[in-house]
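Down below is the structure, laid out as structure tokens.
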Amino acid sequence: MPTYRAPRGTRDLLPDDRAVFDRLMRLGADLTRRYGYRPIETPLFEQTAVFERGIGEVTDVVEKELFRLAPRTDESEAWALRPEPTAGIVRAYVQHGMQTWPQPVKLTTTGPMFRYDRPQAGRYRQFWQFDVEAIGDPGPAIDAEIVELGHRFYTEAGVQGVEVLVNSIGDPACRPAYIATLTDYYRGHLAKLPPTERDRLERNVLRLLDSKDPDMAGLNAAAPRITDHLCEACSAHFESVKAHLAALGVPFRVEPGLVRGLDYYTRTAFEFYVAGREGQQQALGGGGRYDGLVALLGGRPTPGIGFGLGLDRVALVLAEQGGADGAAAGAEGPLAVVVSADPDDTVSRLRIATELRAAGLRVRADLARRKLGRQLESAGKDGAHFAVIVGEELVDGQVQVRDLQAGTQRTVAPGDLARELARAEATHHHG
RNA sequence: GUGGCCUUAGCUCAAUUGGCAGAGCAUCGGAUUGUGGCUCCGAAGGUCGCGGGUUCGAGCCCCGCAGGCCACCCCA
């Protein structure tokens with residue numbers, strides 16, 4: 001009922017929400033630093049062609065979910081908000097000649113992505129992704145390393161029950177023949193295909209494989225598997241990826257129906273799922289190898305692999321699984337609140353708080369003109385450890401320091417305040 | 001883009017067959033004038049999502065729209 005509200009499919013991350021995101025972003029930053037990735041920022045929007053050519057014109061993401069920006073001039077430029085980070089990062093790789101850097105170039109970014117589709121819980125028009133890309137290494141060892149990194153993110157974030165699904169979707173040498181085989185197969189059973197599936201047959205056969213239509217289950221189970229139709233190189237690559245994953249102890253499952261929605265993927269494709277939760281937003285992240293993308297965007301043929309993890313969904317699942325965890329992260333109160341016996345004396349409160357802040361302490365000054373009792377009550381609700389009480393003793397150069405948890409109180413000279421509070425925090429509360 | 005369900009205070013929810021919009025929590029204030037957490041008292045807070053229609057009268061019935069949710073589509 002407010003006159004203005006956040007646009008459809010977007011939401012405000014209130015401090016408690018933001019605290020969870022902060023934690024996840026710090027984890028991502030720490031993990032990628034350990035693995036040797038460097039942070040990069042690319043624009044939130046690109047020329048539409050970057051996405052159309054990179055992701056593929058006939059993908060859902062480009063066809064119906066691209067968040068296009070209306071041009072303001074006749075510059076003949078068409079822009080769109082990024083629906084995923086990889087295309088922009090690869091564009092930057094080409095633009096800045098990163099092929100002259102030591103390969104592979106290992107990059108990471110975290111930020112909002114935009115897709116114009118119909119919102120649902122865990123599905124937004126603006127959502128956040130933690131993204132990792134390694135460009136310039138043909139694998140297969142790095143494929144396993146990157147899957148392990150993604151898996152570790154969930155583990156260290158505390159998400160329970162994450163499943164790693166992997167598959168190989170071949171490359172230009174073997175995929176076309178497989179697609180032809182698969183198309184023939186479904187054409188042979190055309191009568192059994194639901195209308196919507198029939199429509200997709202000519203446009204993107206691979207999508208039929210992961211259809212959730214119950215009528216498709218039997219048909220799909222018997223469908224030719226791409227892993228049986230890989231060329232020798234792709235097959236060897238896939239076997240090696242699996243061997244590396246096993247060696248690293250990453251639990252994974254080969255999922256023959258796993259095909260990713262973006263055209264640029266080759267060979268290794270993987271997704272992270274969380275099982276056993278309500279709703280359909282079970283995909284927490286995914287990625288794959290994109291050996292053709294750099295060339296597609298104008299660079300020299302260069303292999304690459306990466307993944308994106310949906311932070312909104314991780315936070316959602318974390319809240320479902322853990323509960324109080326998120327709230328606790330956001331509830332850091334000040335070390336002390338400066339209150340005054342004289343409701344009108346905001347000067348003393350502010351001056352003392354300023355001195356303590358200059359000394360590096362977290363201090364709130366209660367600037368409301370209300371009686372002392374209310375100020376102390378407010379300090380308690382804030383979760384403050386101490387209240388610094390300014391009263392008539394100030395003329396004798398003294399203030400009261402009250403330990404709000406213990407209920408004890410003693411007299412301190414303002415000059416000693418910062419040292420006393422810092423020491424008390426260190427001893428009482430480990431910091 | 002398709003279909004279904006839902007929308008009352010900041011939050012969680014009440015409101016009889018259509019008959020004067022309420023509670024709890026949260027917020028703010030008070031309980032003889034310098035000491036919080038408990039308790040008591042009080043205040044503020046609502047175009048009942050928005051717009052039409054039916055009716056003497058609509059939070060309640062009908063239509064449209066918006067938003068949320070669910071299932072598709074698809075993904076994060």
Side-chain angles (χ1 to χ4, degrees), chain A residues 1-11 14 16 55 59-65 82-86 110-131 150 194-197 199-200 203-204 207-208 210-214 258-262 271-274 278-287 307-317 337 339-343 345 366 368-394 399-409:
Chain A
M1 84 223 65
T3 308
Y4 300 109
R5 49 183 160 189
R8 181 171 202 198
T10 71
R11 58 186 181 141
L14 302 185
D16 279 352
I55 295 169
T59 57
D60 280 352
V61 168
V62 166
E63 262 186 347
K64 44 182 247 194
E65 296 172 5
R82 62 184 186 187
E84 54 85 53
T86 306
T110 299
M113 307 297 154
F114 304 85
R115 290 184 199 176
Y116 195 84
D117 59 2
R118 194 154 163 180
Q120 241 175 73
R123 195 169 96 180
Y124 304 99
R125 290 183 171 180
Q126 175 177 343
F127 58 98
W128 287 67
Q129 269 193 12
F130 162 55
D131 180 75
T196 55
E197 307 294 343
D199 187 52
R200 293 200 295 180
R203 289 160 38 83
N204 203 337
R207 300 245 62 96
L208 298 201
D210 60 1
S211 170
K212 294 192 196 79
D213 193 320
L258 171 60
V259 295
R260 306 271 308 152
L262 315 180
E271 283 185 2
F272 301 104
Y273 266 80
V274 60
E278 295 296 312
Q280 287 301 298
Q281 268 63 41
Q282 297 177 352
L284 297 189
F307 66 71
L309 308 190
L311 297 188
D312 305 81
R313 289 186 184 175
V314 173
L316 183 66
V317 171
V337 175
V339 301
S340 173
D342 177 2
D345 182 15
D366 193 325
R369 309 218 287 192
R370 52 187 171 184
K371 58 190 273 193
L372 182 57
R374 290 291 177 195
Q375 295 180 52
L376 285 168
E377 184 182 351
S378 164
K381 283 177 187 164
D382 248 15
H385 297 157
F386 300 99
V388 175
I389 305 169
V390 183
E392 289 165 357
E393 316 83 8
L394 193 59
V399 295
Q400 304 287 324
V401 174
R402 182 174 182 81
D403 185 323
L404 291 168
Q405 271 127 41
T408 58
Q409 185 169 322

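In what follows, chains carry the letters A, B, and so on, assigned in the order in which the sequence lines appear, proteins first and then strands, with residues in each chain numbered from 1.
Residue-level contact check: A:G391 touches the bases, meaning some heavy atom is under 4.0 Å from a base atom. Residue-level contact check: A:Q375 touches neither bases nor backbone, having no heavy atom under 4.0 Å from any strand. At a threshold of 4.0 angstrom between heavy atoms, the contacts of A:G380 include nucleobase atoms, whether or not backbone atoms are also involved. When heavy atoms are screened at a 4.0 angstrom cut-off, A:E65 is found touching the sugar-phosphate backbone but no base atom. Residue contacts shown for A:Y124 include a base, since a base heavy atom lies under 4.0 Å away. Among the heavy atoms of the strands lying under 4.0 Å from A:G9 are primed sugar atoms or P, OP1, OP2 only; no base atom is included. Using a 4.0 Å heavy-atom distance criterion, A:D312 is classed as making no nucleic acid contact. A:E393 comes within 4.0 angstrom of a base, heavy atoms only.
Of the residues listed (A:Q126, A:R125, A:E84), the one engaging A:R115 in a side chain to side chain contact (heavy atoms under 4.5 Å, CB included) is A:E84, and it is the only one.
If you check B:rC73, B:rG67, B:rG36 against the side chain of A:R8, the one that comes closest is B:rG67. Nearest to the side-chain atoms of A:I389 among the listed nucleotides B:rG36, B:rA66, B:rU35 stands B:rU35.
A sub-4.0 Å separation between OP1 or OP2 of B:rU35 and a side-chain N or O of A:R402 is absent. Taking side-chain N and O atoms only, A:Q120 has a distance below 4.0 Å to OP1 or OP2 of B:rA71.
Using modelled atom types, one side-chain atom of A:R123 and one backbone atom of A:R118 make a donor-acceptor pair closer than 3.5 Å. A donor-acceptor contact shorter than 3.5 Å is absent between the side chain of A:Q409 and the backbone of A:Q400.
A donor-acceptor contact under 3.5 Å is formed by the side chain of A:Q409 with the base of B:rU35.
With C1' as the reference atom, B:rU17 and B:rG37 are 49 Å apart, rounded to whole Å. B:rU27 sits 30 Å from B:rA66 when the C1' atoms are compared, rounded to a whole Å. Of the P atoms belonging to B:rC5 and B:rC48, the separation is 24 Å, rounded to the nearest Å. Spacing between B:rC63 and B:rU54 at atom C1', rounded to whole Å, works out to 11 Å. Rounded to whole Å, the separation between the C1' atoms of B:rC60 and B:rU7 comes to 14 Å. Comparing the C1' positions of B:rA9 and B:rA44 gives an interatomic distance of 11 Å, to the nearest angstrom. The C1' atoms of B:rG52 and B:rC40 are separated by 49 Å, rounded to the nearest whole Å. The separation of B:rG67 from B:rC50, taken at their C1' atoms, amounts to 10 Å, rounded to a whole angstrom.
With sequence neighbours excluded, the residues that form a ring pair (Phe, Tyr, Trp, His ring centres under 6.0 Å) with A:F130 are A:F153. With sequence neighbours excluded, the residues satisfying side chain to side chain contact (heavy atoms under 4.5 Å, CB included) with A:R11 are A:L13, A:F21, A:Y124, A:D312.
To the nearest angstrom, C1' of B:rG36 lies 12 Å from CG of A:D403. Between the CZ atom of A:F307 and the P atom of B:rA76 there is a distance of 13 Å, given to the nearest Å. Here the P atom of nucleotide B:rG1 and the CZ atom of A:R123 are 13 Å apart, to the nearest Å. The CG-C1' distance, from A:L284 to B:rC75, rounds to 12 Å in whole Å. A:L404 places its CG atom 11 Å from the P atom of B:rG37, with the value rounded to the nearest Å. What separates CG of A:D366 from P of B:rG34 is a distance of 15 Å, to the nearest Å. Computed from coordinates, the A:D117 CG to B:rA76 P distance equals 11 Å when rounded to whole Å. In this structure, CG of A:D60 is placed 12 Å from P of B:rA76, rounded to the nearest angstrom.
Between A:V339 and A:V388, every side-chain heavy-atom pair lies at or beyond the 4.5 Å cut-off.
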Atom pairs under 3.5 Å: protein N/O with N/O of nucleotides 3-5 of chain B:
unit_1: B:rG3; atom_1: O6; unit_2: A:R118; atom_2: NH2; d: 3.0

Contact list (N/O, under 3.5 angstrom) for nucleotides 28-31 of chain B vs protein:
unit_1: B:rG30; atom_1: N7; unit_2: A:R374; atom_2: NH2; d: 2.4
unit_1: B:rA31; atom_1: OP2; unit_2: A:K371; atom_2: NZ; d: 3.0

Q. Given pairs defined as Watson-Crick or G-U wobble with both distances under 3.5 Å, what dot-bracket annotation applies to RNA chain B, with ( ) intrastrand, [ ] crossing, | other strand and . unpaired?
A. (((((((..((((.....[..)))).(((((.......))))).....(((((..]....))))))))))))....

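Sorted by first and then second residue, the salt bridge (charged side-chain N to carboxylate O under 4.0 Å, His left out) pairs involving residues 370-381 of chain A (not counting sequence neighbours) are A:D366-A:R370, A:R374-A:E377, A:E377-A:K381.
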